[in-house]
Amino acid sequence: MTKVDCDVVVVGAGFAGIYALWKAEQRGLSVRGFERGSDVGGTWYWNAYPGARCDVASYNYAYFFNSDVVREWNWSDVCSRQPEIQQYLRFVAERCDVTRLITFDTKVMSASYAKESGLWTVRTSGNEAVVCRYLVLAVGALSEPKTPDIEGVGSFGGDAYFTSSWPRDGDVDLAGKRVGVIGTGSSGVQCIPEIADVASDVFVFQRTANFVTPTLSGPMDPGIVRTLRDDPGAVRSELRKTYGGNQPLYIGPDRFLDLDEAGREQALWRAWENREVALAFWDAHLPEANAAISEFIRQRMHEQVTDPWTADHLVPWDHPYGGKRPCMSDVYLQTFNRPHVRLISLPETPIERIVPEGIVTSAETIPLDVIVYATGFDAISGPVRALNISGIDGVSMNDVWADGPVNYLGTMVHGFPNLFLPSSAMSPSVLSNMATLAEQQVDFIFDTMQWLDEHDQARLHPSSDSQEFWRGETLRYAQRVPGALTTDSWYNGANVPGKPRQYMVYRGGFNRYHDVCCGELENGFPGYDLLPGPARQAVAGQG
Ligand code: N01
């Protein structure tokens with residue numbers, strides 16, 4: 001009989017991983033965690049670039065499973081900066097005493113399922129092979145950086161940095177340097193103003209302009225803090241009833257289309273001035289409302305930039321608001337009014353190649369000391385695909401996902417029993433509050449394990465019919481969102497050359513998603529198949 005090393009292996013120590021480790025111990029399961037970083041934090045460990053911060057409210061983007069944590073932690077700003085978020089995650093990990101369970105600086109190289117034993121073997125860069133009953137890949141949705149698809153990347157003679165793996169030793173000195181930044185998604189939008197504060201010249205290489213609206217940044221409202229601390233459990237339950245897993249504290253009461261023309265204009269201005277434009281209208285996704293909101297934002301963006309050519313090029317004319325992930329900043333657009341900051345519009349003058357002295361576009365060679373790549377991620381399915389996972393009969397996950405990810409409820413894949421994928425494809429994922437989702441998914445995953453134990457079952461996986469149904473549901477809801485299927489974005493894999501184009505986020509709402517998960521649990525997992533095979537095996541050294 002194969003020796004079992006622990007009940008559960010958790011890969012990744014971000015929001016989902018930390019909670020999964022705690023949850024396993026609470027449920028009396030033995031658990032080990034592996035993390036390739038040197039500390040907890042996941043995405044918030046790696047993306048330590050200047051200006052990195054949460055652009056949704058931190059008090060929402062936080063755990064609620066432990067009331068003491070909610071009551072003890074003080075956020076210094078509504079939208080906290082990366083060091084504070086990582087500090088928070090370290091605080092929670094220590095408060096919940098899970099750091100001792102994690103092997104840091106260790107990459108999981110592969111995971112394989114053995115049909116005979118019904119167990120997973122996880123192999124690590126530390127040459128360990130750990131055998132477990134359940135495998136939780138809490139690897140996040142934005143943890144696999146995209147390789148820049150630009151000729152000559154390796155030939156640059158200056159320093160090159162990626163926002164997605166910014167050096168942590170404080171060694172990056174951009175003062176007085178000529179810096180080129182490639183990419184104007186959320187990371188670019190956040191780092192460009194801070195780079196411009198120190199660099200002598202900044203060249204921003206923009207392929208696609210993005211929507212940029214004001215942030216919620218500012219001091220915490222004591223009333224909100226009181227609400228959160230009075231009854232964290234109630235907040236937690238309320239979050240699960242919302243569309244995005246965010247507290248409705250900042251969502252306005254308006255349905256845009258219910259208002260007359262004057263009312264719409266007034267509500268849009270109110271939302272803009274209150275920094276709530278992203279959450280102001282319940283029907284922002286309906287085409288007529290979306291078109292008007294998009295146009296309003298374009299005008300507000302345009303008027304912040306003094307040079308007309310630059311203003312025209314910084315405004316996203318090619319996609320509707322929400323078609324790509326919108327960005328938030330109070331300083332990004334104004335940065336282009338500074339004399340040493342220049343926008344290079346790549347649709348007109350594309351990058352031809354990178355050379356030792358800088359970047360060559362179709363119009364000129366731009367000499368640079370430093371290149372910053374804010375070029376994004378092989379998102380959502382990428383982190384799972386980067387692991388070498390094989391399921392029943394040695395079938396590889398990458399083969400099963402060759403035409404795009406398939407799974408049921410975003411958490412399990414047919415043919416890969418007892419393998420759980422929080423924050424992966426076809427869950428509300430990046431279009432919900434990832435912290436709320438992490439708690440909900442980890443709860444569902446551990447309730448699934450408990451159900452198996454209580455029913456004297458050892459393993460399950462979703463049926464292929466359930467997967468087909470869920471793929472259809474994901475597509476059905478995506479079709480309702482303006483621009484979701486037609487805009488090139490990392491939501492649908494279009495940012496990575498050769499990646500199959502498939503919309504990877506479930507947009508039916510966090511609340512609906514949660515209800516479907518609860519339905520499976522309450523009804524004995526009708527969408528899954530139980531697998532015969534060896535009964536549950538005890539962990540070596542345990543009774
Ligand atoms: O990555 P992105 P990101 N030549 O993929 C451009 C989250 N996040 O790291 O749009 C030239 O959005 C690319 O151009 P295009 C958030 O969910 C959250 O900025 O593909 N340009 C784009 O402009 C976010 O959405 C926070 O045409 C190239 C940029 O690089 C997600 O992370 C903060 C190129 C990549 O933008 C990813 O954001 C930061 C090339 N070859 C991030 N390749 C919070 O505040 C790519 N680009 C919570």
Side-chain angles (χ1 to χ4, degrees), residues 14-15 42-44 46-58 60-62 77-82 84-85 140-153 161-166 180-192 194 203-213 215-217 246 278 314 316 318-319 322-330 332 343-347 349-354 359 361 371-380 382-383 423 429-435 487-497 499 504-505:
F15 268 100
T43 296
W44 292 105
W46 292 102
N47 288 264
Y49 58 84
R53 68 193 308 167
C54 199
D55 63 7
V56 296
S58 294
N60 249 327
Y61 185 76
D77 192 293
V78 173
C79 295
S80 308
R81 289 182 172 267
Q82 173 272 334
E84 187 171 343
I85 300 173
L142 295 164
S143 54
E144 188 60 26
K146 186 187 110 148
T147 317
D149 41 341
I150 303 171
E151 191 189 319
V153 166
Y161 302 106
F162 285 78
T163 51
S164 53
S165 53
W166 198 263
V181 182
I182 305 179
T184 52
S186 301
S187 305
V189 163
Q190 287 186 337
C191 74
I192 287 162
E194 304 238 350
F203 300 87
V204 176
F205 295 84
Q206 174 188 271
R207 194 162 66 181
T208 311
N210 260 315
F211 283 91
V212 183
T213 61
T215 70
L216 290 170
S217 181
N246 283 298
L314 283 171
D318 65 333
H319 65 275
K324 283 167 99 78
R325 163 62 149 86
C327 305
M328 296 177 93
S329 172
D330 300 320
Y332 175 69
L343 182 71
I344 316 289
S345 173
L346 299 183
T349 53
I351 295 177
E352 289 186 342
R353 62 194 171 280
I354 292 174
I359 294 181
T361 71
I371 298 179
V372 171
Y373 293 96
T375 41
F377 299 87
D378 180 354
I380 307 180
S423 345
S429 170
V430 289
L431 285 165
S432 67
N433 176 338
M434 291 292 275
T487 308
D488 284 351
S489 81
W490 57 262
Y491 296 157
N492 54 34
N495 68 324
V496 176
K499 187 166 174 171
M504 294 183 284
V505 188

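In this text the structure is predicted, and so the values were computed from the model without any measurement. Ligands are counted one by one from 1 in listed order, and the atoms in each one are counted from 1 as well.
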How many angstroms lie between atom [atom1] of [X] and atom [atom2] of [Y], to the nearest 0.5 angstrom?
{"X": "Arg53", "Y": "Thr215", "atom1": "CZ", "atom2": "OG1", "result": "6.5 Å"}
{"X": "Asp149", "Y": "Thr375", "atom1": "CG", "atom2": "OG1", "result": "8.0 Å"}
{"X": "Ser429", "Y": "Leu142", "atom1": "OG", "atom2": "CG", "result": "7.5 Å"}
{"X": "Met504", "Y": "Ile380", "atom1": "CE", "atom2": "CD1", "result": "4.5 Å"}
{"X": "Asn47", "Y": "Thr163", "atom1": "CG", "atom2": "OG1", "result": "6.0 Å"}

With a 4.0 Å heavy-atom cut-off (strictly under), which part of [X] contacts ligand 1: side chain, backbone, both or neither?
{"X": "Tyr49", "answer": "side chain"}
{"X": "Thr184", "answer": "both"}
{"X": "Lys324", "answer": "side chain"}
{"X": "Leu346", "answer": "side chain"}
{"X": "Ile150", "answer": "side chain"}

Please determine whether any non-hydrogen atom of [X] lies less than 4.0 Å from an atom of ligand 1.
{"X": "Lys146", "answer": "yes"}
{"X": "Cys54", "answer": "yes"}
{"X": "Val430", "answer": "no"}

Can you give me the closest heavy-atom contact between [X] and [Y], atom names plus distance?
{"X": "Ser143", "Y": "Phe377", "result": "N-CD2, 4.0 Å"}
{"X": "Ser186", "Y": "Pro326", "result": "OG-O, 4.2 Å"}
{"X": "Val189", "Y": "Ser329", "result": "CG1-CB, 3.7 Å"}

Among [options], which residue places a heavy atom closest to [atom]?
{"atom": "atom 8 (N) of ligand 1", "options": "Ser186, Gly51, Gly185", "value": "Ser186"}
{"atom": "atom 35 (C) of ligand 1", "options": "Ala374, Ser429, Gly183", "value": "Ala374"}
{"atom": "atom 14 (O) of ligand 1", "options": "His319, Arg325, Arg207", "value": "Arg207"}

Identify the closest protein heavy atom to [atom]: which residue and atom is it, and at what distance?
{"atom": "atom 15 (P) of ligand 1", "answer": "Thr208 OG1, 3.4 Å"}
{"atom": "atom 9 (O) of ligand 1", "answer": "Ser187 OG, 2.6 Å"}
{"atom": "atom 32 (O) of ligand 1", "answer": "Leu142 CD1, 3.3 Å"}
{"atom": "atom 21 (N) of ligand 1", "answer": "Ile182 CG2, 3.7 Å"}
{"atom": "atom 41 (N) of ligand 1", "answer": "Asp149 OD1, 2.8 Å"}
{"atom": "atom 1 (O) of ligand 1", "answer": "Gly376 CA, 3.2 Å"}
{"atom": "atom 5 (O) of ligand 1", "answer": "Trp490 CD1, 3.3 Å"}
{"atom": "atom 45 (O) of ligand 1", "answer": "Arg53 O, 2.7 Å"}

Q: Report yes if some N/O of Asn210 lies less than 3.5 Å from some N/O of ligand 1; otherwise report no.
A: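 No, Asn210 has no N/O under 3.5 Å of an N/O on ligand 1.
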Q | Asp55: numbered ligand 1 atoms lying under 4.0 Å from its heavy atoms | A |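 Listed by number with element: 44 (C), 45 (O), 48 (C).
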Q) Is the gap between the ring centers of Tyr161 and Tyr49 under 6.0 Å? A)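 No; Tyr49 has its ring centre 6.0 Å or more from that of Tyr161.
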**Q.** Thr361 side-chain N/O to Pro350 backbone N/O, donor-acceptor pair under 3.5 Å
**A.**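 No, the answer is negative, given that no donor and acceptor are paired below the 3.5 Å cut-off.
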